Amino acid sequence: MRLAFVTSNPGKIEEARKYFEPLGVEVYQLRFPYPEIQADTLEEVAEYGVKWLSERLNSPFFLDDSGLFINALRGFPGVYSAYVYKTLGIDGILKLLEGVDDRSAYFKSVVAYWDGELHLFKGRVDGEIIHEKKGSGGFGFDPVFRPLGFERTFAEMTTEEKNGISHRGRALKAFAEWLKENLK
Ligand code: ITT
């Protein structure tokens, strides 16, 4: 089976490929820019994107909308994570957290699959924002995010390790289980 992943982010593609490969599912990147509306939740952003794409693509596809939610910043950057990553960057986030004791944060991912109907799969991972960047793997905010119970950041893990505990890995797991049940 082949699955089209609509994304501009090669990091997301790498993670989905590594996740699905052992299951015999090939993931390929479909570059088809879609509008990401300003909304309060990742679910709303994902749903709007899927509806928009479903009017333009003729076969099943999925997308992933995700974000980093920092508790001391009341959930910022959250739904604005992509924009904040491009503008403030990791250094900007570290600056905002200077002198802040509560470094707790979580990543959330909403994977939305369209096959004529919308199916949403979600995942979350809790952790903390460390004080300086560590590691060169992954993408985005990975070098400063250390998941709870681990000594290393996501950027210091292999893709498989990250997938085993990450927000996206969890959403992909729910998606894979659904596919297994529904594509018999
Ligand atoms: P597409 O929308 O084209 O898929 P994107 O990078 O713009 O790619 P999002 O709109 O979902 O993706 O933005 C999420 C941002 O949150 C992303 O750019 C990263 O900065 C950050 N992010 C999401 N998942 C992450 C992860 O697993 N590790 C590190 N940062 C992540």
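Each ligand, and each atom within it, is numbered from 1 in the order the structure gives. Given the structure is predicted, the values throughout are model-derived calculations rather than measurements. Any value given below was found using the heavy atoms of this structure, including those in side chains, with hydrogens, waters and symmetry copies removed.
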Decide if atom [atom1] of [X] counts as having more than 12 heavy atoms of other residues, nucleotides or ligands within a radius under 6.0 Å.
X     : atom1 : result
Arg31 : CZ    : no
Phe32 : CZ    : yes
Tyr28 : OH    : yes

**OP:** Would you mind checking if Arg103 and Asp101 are paired as a salt bridge, meaning a charged N to carboxylate O distance below 4.0 Å?
**Re:**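 Salt bridge: no.
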
Original post:
Are Arg152 and Glu161 within salt-bridge range, i.e. N to O under 4.0 Å?
Top reply: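 Glu161 and Arg152: salt-bridged.
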
Can you pull out the closest protein heavy atom to [atom]? Residue, atom name and distance to 0.1 Å, please.
atom                    : result
atom 28 (N) of ligand 1 : Asp142 OD1, 2.6 Å
atom 24 (N) of ligand 1 : Arg168 NH2, 2.9 Å
atom 18 (O) of ligand 1 : Ala82 CA, 3.6 Å
atom 23 (C) of ligand 1 : Ser66 OG, 3.2 Å
atom 12 (O) of ligand 1 : Lys12 NZ, 2.8 Å

Just which atoms of ligand 1 are under 4.0 Å from any heavy atom in [X]?
X      : answer
Thr7   : 1 (P), 3 (O), 4 (O), 8 (O)
Glu36  : 2 (O), 10 (O)
Asp64  : 4 (O), 11 (O)
Asn9   : 6 (O), 8 (O)
His167 : 24 (N), 25 (C), 26 (C), 27 (O)

Polar contacts were defined as any N/O atom of the residue lying under 3.5 Å from an N/O atom of the ligand; does this apply to [X] and ligand 1?
X      : result
Tyr85  : no
Phe141 : yes
Ser8   : yes

**OP:** Would you mind telling me if ligand 1 is within reach of the side chain of Phe145, the backbone, both or neither, using heavy atoms under 4.0 Å?
**Re:**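 Contact part for Phe145 vs ligand 1: neither.
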
Original post:
For ligand 1, is Lys162 a contact, meaning one of its heavy atoms is under 4.0 Å away?
Top reply: yes

Original post:
Does ligand 1 have an atom under 4.0 Å from some heavy atom of Asp65?
Top reply: yes

Original post:
What are the two closest heavy atoms between Ala112 and Ala46, and how far apart are they?
Top reply: CB-CB, 4.2 Å

Original post:
What are the two closest non-hydrogen atoms of Trp52 and Pro35, and how far apart are they?
Top reply: CD2-CD, 3.3 Å

Original post:
Ring centroid separation for Phe69 and Phe107, is it under 6.0 angstrom?
Top reply: no

Subject >> Near-ring test Phe20/Phe175, centroid separation under 6.0 angstrom >> reply: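 Between Phe175 and Phe20, the centre distance is under 6.0 Å.
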
Original post:
Given Phe32, Tyr34, Phe107, which one has a non-hydrogen atom that is nearest to atom 22 (N) of ligand 1?
Top reply: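 Among Phe32, Tyr34, Phe107, the closest heavy atom to atom 22 (N) of ligand 1 belongs to Phe107.
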
Subject >> Nearest option to atom 16 (O) of ligand 1, as decided by whichever heavy atom of Ser81, Gly140, Gly89 sits closest >> reply: Ser81

Original post:
Which word best sums up how the rings of His119 and Phe121 line up, parallel for under 30°, tilted for 30 to 60°, or perpendicular for over 60°?
Top reply: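 The rings of His119 and Phe121 lie parallel, inter-plane angle below 30°.
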
Original post:
Per the salt bridge (Lys or Arg N to Asp or Glu O under 4.0 Å) rule, which among Glu15, Glu21, Glu14 passes with Lys18?
Top reply: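 Of the listed residues Glu15, Glu21, Glu14, the salt bridge (Lys or Arg N to Asp or Glu O under 4.0 Å) partner of Lys18 is Glu14.
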
